[in-house]
Structures are given as C-alpha cells and as structure tokens.
Amino acid sequence: MNKKLTRILATSIAAAALTSALAGCGKGSSSATTEGSTEITMWTHAAGNPAELAATQSIVDSYNKSSGAKAQIKVQAFPQESYNDSVVGAASAGNLPCIVDIDGPNVPNWAWAEYLTPLKLSADLSKNLPSTVATWEGETYAVGYGDVALSMFARKSDLAEAGIRAATIEKPWTKEEFQDALTKLKALGKWDYPLDMGTAGTGEWLPYAYSPFLQSFGGDLIDREDYQSADGALNGDNAVEWAKWFRGLADQGFMATKSGKDSTQDFLNNKSGLLYTGSWAGDKARETLGDELVVMPTVDLGNGPKIGGASWQWGVTSGCNNTDAAMDYLSYSLKPENVAAVIKATGGIPATDEAAALIPAFAEGGANRIFMEFSREYAVLRPETPAYPFIATEYGKAVQDILAGADPKAALDKAVKAIDANIKSNGGYKS
C-alpha cells in the first residue's frame, strides 16, 4: 500500500473513532471544484452557535467589502456534531474548501495527512497565548482567536459555612486540602453530591477535562520524549494513582459517576457546591450569582495545577487554489477588534492582550482576567502528535471504564496496548 493511501485510511479510522471531536482525515484535493480563484469557501463548525457564527460572518463581510480583499470569502457552517463527518467525506472526495476550522489538538493529524499547508501570515503570532497557535514539526498550521480554561466554581457563602479557604493562583488547593474541602462540603448536607465534575460528558471532554489531573499526578497520555509509546506514562504508578483517586471521588460520595447533562445549570440551581467547568461558563455564573461566585484554579495533585490547552483554530488546506487570498483573510481576521468580537460571542479567552483590552471583563482588573492567568500558568497542550485522535478515544474509554468500576491498572494497560499498536501500525506517524 502506498504512503498516501495508508494515511488516508489511517486518518479516516481515527476520525471515525473520535465522533464528538474533530479528528484527522485523509488528504484530498483541498479546494472545491466549483470554486473560482476570486471566491473561496470557508467551513466552520459553528452552525449550532448563532452568536459565534454571526461574529464570524461579520468578519467575513468586512473583509469582502474591504478594498484589499484578494477574494470573496464564502462561509459554509455545519453543526458541530456533523462537522467531522462532513470533513471526512469531503476529504475522501477531494472536495475540501480552502479554509477550515479544526479543534486544536487534532491539527498534527491533519498536517501529517498532508492536506494542511503551513500558515504564511502577515499577522504577528508571537504575542498570542501559546495554546492558540498549533504547530507540528516546527511549522505553524493553525491559529485560533482564543482559548478556554478549566477552573473550579463555588459559592462564597458555602466555603465560609464549611470553613474552607478559597484557592488562589498563588496558593491552589493541594490534594489533601481538596479532600478536606469535599469532606466538609458533604457534611453540610445540602447536596446529593457536593462536587460536579461533568462526568456525563463524552468524546473530547474526557481527555480535555481529566487528563490534566493525570498530568498533575505525574502521568501523561503518552511519553512526550518521542511520542512513540504510552507505556509508563498512561499506565505507570502515577497514572494508576490518578485513576484510583478519580474513582475514589465517586466511591466516597463526593461526585456522581454520571452527572447531569448541564453541570453549569445544575450548579446554578444549587444541585452542587463545587463545579469543575470552564471559562465559557463564567459570564452566566456571574450573572446569576454575582459576588457570591468564587472562581478558583484546579487542584495541585503533586505537580502543580494543569488544564488542557488549545481550542478551535483555523487552517488553510494544501490544495486551495488561492492560498494567497486564504492567508490574507486569516491575517485580516486576527486584528484585535475581530478577535474581540468572536470572544465576546463564544465566552472564550482572547488570544492577545490587544484583544483583551477591548473586552472590559478581560482587560486588566476585569472579572474574567483570571481565566487568562489560568491559561498562561497551567495550560498543557494535548500531545502534539498525529496519533492524538486515537489516543483521545482510548483514554476516554479508560475513563468511562474506571468510573464504571473497572480495575484501574487493567483499564489503563488496555488503553496503552491499543495506543501503542496504533502508533506502530502507522509507522510511528513519521512524516
């Protein structure tokens, strides 16, 4: 089997495995056959988010009307749940658009599949939050307008009643303090479970939300020395300790093995006392709770607090028939006022300080500035390897098995065996 066909099959399999997040797909001709050089198409997953789509369309409209526009950009939006299938199908048919959005951790898979082209932008990306710029093998392949940051939410009055100090960036909770806090919150008798960790989540939420705890224990999804094996990283002593701790949160009655579908709303409805969520929930929580809301960093489980880095980003496909125009549009879209408009619509964290200055909540002293600090201090990129979609799926299965009561070591060994076999079968995902 030739190299190109091998990659098409490998990435298609990875995409099928990761149904709720955007996985890699095979190389095809990356411009639609109906496109002319003066009109290029851009795909987005934002059809289900009217505010985000409107902000994106506004940038496109502004560019299209500008005197320097090198082509007219046409937006085609898909619901997030069907976007991946649409991309896979288009790649197989050789009918991808010029510009695509992609979940940041999956960029290496796209680049390895040889249908993303390195970005050549006039915009200066050196000022961006590191997690908003996706690279592989020394080249930049995608850039985002912002990121999101995981955190802990609580009510000030609940912490005071239980005699618990609020965690801070300077002094996050230790594992022992977290245990003590949960014990005291449970003793208040206000909730069935004092902690909501979003355990009803599926797909990319599982590695995004829970691998940072694994990393804080000292484990990881893969050995990042050469990205060729998960053995020792995902099933070593530290990883097993993480799994026992995580399952122990349920065994002690601190959290449900399957939370409600909307953890944020449950918290706001006072169904939990401590919520593990992201910056996207900050505005809604503050509107509801006002000064009662306490936003805290996640827990230091031995190696400092960790959170996942990288959100949705933009890239240019390698078969685009007007790459110059695609690069020009992306550069234009990265102007601070454009980034700020999208961030206001999505509830994310602006990629640059210039954009943050245009959003009062993220400017110096703003209520949401803390999320930028979390991102800078704690963000860990999910492994920058084309194998990531497969790793994410296997890790997700292990998380669900552990929550269901499986032996932690056995569940992690099973994931490692599958991941290592996948990497080996794809020749180490070498370029």
Undergrad: Does the side chain of Leu185 come within less than 4.5 Å of Leu195's, by heavy atoms?
TA: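 Not touching, per the 4.5 Å side-chain cut-off.
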Undergrad: Not counting sequence neighbours, which residues clear salt bridge (Lys or Arg N to Asp or Glu O under 4.0 Å) with Lys417? List them please.
TA: none
Undergrad: For Ala285 and Phe153, which heavy atoms make the closest approach, and how far apart are they?
TA: CB-CE2, 3.8 Å
Undergrad: Find the distance between CH2 (Trp173) and CE (Met152) and round it off to the nearest 0.5 Å.
TA: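 So the CH2 of Trp173 and the CE of Met152 are separated by 7.0 Å.
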Undergrad: Can you give me the closest heavy-atom contact between Pro212 and Pro207, atom names plus distance?
TA: CD-O, 3.7 Å
Undergrad: Does Asp291, at its CG atom, have more than 12 non-hydrogen atoms belonging to other residues, nucleotides or ligands within less than 6.0 Å?
TA: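 No, the 6.0 Å shell around CG holds no more than 12 heavy atoms from other groups.
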Undergrad: With no hydrogens and no angle check, just 3.5 Å: does a side-chain donor-acceptor pair link Ser259 and Tyr193?
TA: no
Undergrad: Between Ala181 and Ile164, which heavy-atom pair has the shortest distance, and what is it?
TA: O-CD1, 3.5 Å
Undergrad: Heavy-atom count around Asp237 CG within 6.0 Å, excluding the residue itself: above 12?
TA: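 No, CG of Asp237 has 12 or fewer neighbouring heavy atoms, counting only those of other groups under 6.0 Å.
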Undergrad: Report, as yes or no, whether the 6.0 Å neighbourhood of atom CD on Glu176 holds more than 12 heavy atoms from other residues, nucleotides or ligands.
TA: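 Result for CD/Glu176: enclosed.
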Undergrad: My understanding is that only residues two or more places apart in sequence, or in another chain, count here; which of them pass salt bridge (Lys or Arg N to Asp or Glu O under 4.0 Å) with Arg247?
TA: Asp251
Undergrad: Please tell me if the side chains of Leu381 and Ser131 come closer than 4.5 Å, counting only heavy atoms from C-beta onward.
TA: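 Sidechains of Ser131 and Leu381: in contact.
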Undergrad: If you measure from CE on Met372 to CG on Asp353, what distance do you get to the nearest 0.5 Å?
TA: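 Going from CE on Met372 over to CG on Asp353, the span is 5.0 Å.
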Undergrad: Among Arg165, Lys184, Lys171, which residue satisfies the salt bridge (charged side-chain N to carboxylate O under 4.0 Å, His left out) criterion with Glu177?
TA: Arg165
Undergrad: Roughly how far, to the nearest 0.5 Å, is CH2 of Trp280 from OG of Ser311?
TA: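 It is 8.5 Å, given to the nearest 0.5 Å.
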Undergrad: Are Val148 and Thr346 side-chain neighbours, meaning at least one heavy-atom pair lies under 4.5 Å?
TA: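 No, too far: nothing below the 4.5 Å cut-off.
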Undergrad: Where is the tightest heavy-atom contact between Lys306 and Ser216, given as atom of each residue plus distance?
TA: CG-N, 3.8 Å
Undergrad: Just to verify, which of Trp312, Phe78, Trp314 counts as forming a ring pair (Phe, Tyr, Trp, His ring centres under 6.0 Å) with His45?
TA: Trp312
Undergrad: Is Arg155 positioned over the aromatic face of Phe267, cation under 6.0 angstrom from the ring centre and no more than 45 degrees off axis?
TA: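 Pair Arg155/Phe267 counts as cation-pi.
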Undergrad: Show your reasoning for whether side chain to side chain contact (heavy atoms under 4.5 Å, CB included) applies to Leu53 and Val75.
TA: CA-CA 9 Å; Leu53 183 57; Val75 178; 4.2 Å; yes
Undergrad: In terms of the angle between their ring planes, are Trp245 and Phe217 parallel, tilted or perpendicular, with boundaries placed at 30° and 60°?
TA: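 Ring orientation, 0 to 90° scale: tilted.
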Undergrad: Parallel, tilted or perpendicular: which describes the rings of Trp112 and Tyr429, with under 30° parallel and over 60° perpendicular?
TA: perpendicular
Undergrad: Does Asp401 pair with Lys397 as a salt bridge, N-O distance under 4.0 Å?
TA: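 Looking at Lys397 together with Asp401, the answer is no, because their closest N to O distance does not fall below 4.0 Å.
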Undergrad: Any salt bridge linking Lys424 with Asp231? Criterion: basic side-chain nitrogen under 4.0 Å from a carboxylate oxygen.
TA: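 Salt bridge between Lys424 and Asp231, a charged N being under 4.0 Å from a carboxylate O: no.
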Undergrad: Are side-chain heavy atoms of Asn109 and Tyr388 found at a separation under 4.5 Å?
TA: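 Side-chain contact under 4.5 Å: no.
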Undergrad: My understanding is that only residues two or more places apart in sequence, or in another chain, count here; which of them pass ring-ring contact (aromatic ring centres under 6.0 Å, His included) with Tyr395?
TA: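 Listed in chain order: Trp242.
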Undergrad: Ignoring hydrogens and geometry, is there a side-chain-to-backbone donor-acceptor pair from Asp223 to Gly232 under 3.5 Å?
TA: no
Undergrad: Determine the interplanar angle of the Phe213 and Tyr210 rings, folded into 0 to 90°, and report it as parallel if under 30°, tilted if 30 to 60°, perpendicular if over 60°.
TA: parallel
Undergrad: Side chains of Asp420 and Ser229 only: does a donor on one sit below 3.5 Å from an acceptor on the other?
TA: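 Present: a donor and an acceptor within the cut-off.
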Undergrad: Mind checking the CG-CD spacing from Leu159 to Glu292? Nearest 0.5 Å is all I need.
TA: 9.0 Å
Undergrad: List in chain and number order the residues that pass salt bridge (Lys or Arg N to Asp or Glu O under 4.0 Å) with Lys414, two or more places apart in sequence or in another chain; answer none if no residue qualifies.
TA: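 Lys414 satisfies salt bridge (Lys or Arg N to Asp or Glu O under 4.0 Å) with no residue once adjacent residues are dropped.
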Undergrad: For a 4.5 angstrom cut-off between non-hydrogen side-chain atoms, does Tyr329 reach Val60?
TA: yes
Undergrad: Test side chain to side chain contact (heavy atoms under 4.5 Å, CB included) on Met255 and Leu403 and set out the steps.
TA: CA-CA 11 Å; Met255 73 174 188; Leu403 284 174; 3.8 Å; yes
Undergrad: Just wondering, more than 12 heavy atoms not from Asp192 lying within 6.0 Å of its CG?
TA: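 Incorrect, the count does not exceed 12.
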Undergrad: Could you list the residues that satisfy salt bridge (Lys or Arg N to Asp or Glu O under 4.0 Å) with Asp300, not counting sequence neighbours?
TA: none
Undergrad: Classify the side-chain pair Gln265/Lys271 by whether it contains a donor and acceptor separated by less than 3.5 Å.
TA: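 No, no side-chain donor-acceptor contact under 3.5 Å.
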Undergrad: Using 0.5 Å steps for rounding, measure from the OG1 atom of Thr44 to the CG atom of Asp101.
TA: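 It is 4.0 Å, given to the nearest 0.5 Å.
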Undergrad: Would you indicate whether the side-chain heavy atoms of Pro105 and Glu204 approach each other to under 4.5 Å?
TA: yes
Undergrad: Determine, step by step, whether Thr117 and Met327 satisfy the side chain to side chain contact (heavy atoms under 4.5 Å, CB included) criterion, reporting the C-alpha distance in whole Å, the side-chain angles of both residues, the deciding distance to 0.1 Å, and the verdict.
TA: CA-CA 10 Å; Thr117 190; Met327 300 292 180; 3.7 Å; yes
Undergrad: I'd like to know if the side chain of Asp147 reaches the main chain of Ala310, judged simply by a donor and an acceptor atom lying under 3.5 Å from each other, with no hydrogens or angles considered.
TA: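 Such a contact is found between Asp147 side chain and Ala310 backbone.
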Undergrad: Say you draw a straight line from CD1 of Ile391 to CG of Leu221; how long is it, rounded to the nearest 0.5 Å?
TA: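 If I round to the nearest 0.5 Å, the distance is 6.5 Å.
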Undergrad: Using modelled atom types and a 3.5 Å cut-off, is there a donor and acceptor pairing between side-chain atoms of Ser375 and backbone atoms of Phe371?
TA: no
Undergrad: How close do Leu274 and Ala154 get, heavy atom to heavy atom, and via which atoms?
TA: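 Looking at all heavy atoms of both residues, the shortest contact is CD1-CB, 3.9 Å.
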Undergrad: Apply side chain to side chain donor-acceptor pair (under 3.5 Å) to Asp196 and list each qualifying residue two or more places apart in sequence or on a separate chain.
TA: Ser263
Undergrad: Nearest heavy-atom pair of Ser151 and Phe374: which atoms, and what distance?
TA: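 Nearest pair, atom of Ser151 first, then Phe374: CB-CE1, 3.6 Å.
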Undergrad: Which class fits the ring pair Tyr83 and Trp43: parallel under 30°, tilted 30 to 60°, perpendicular over 60°?
TA: perpendicular
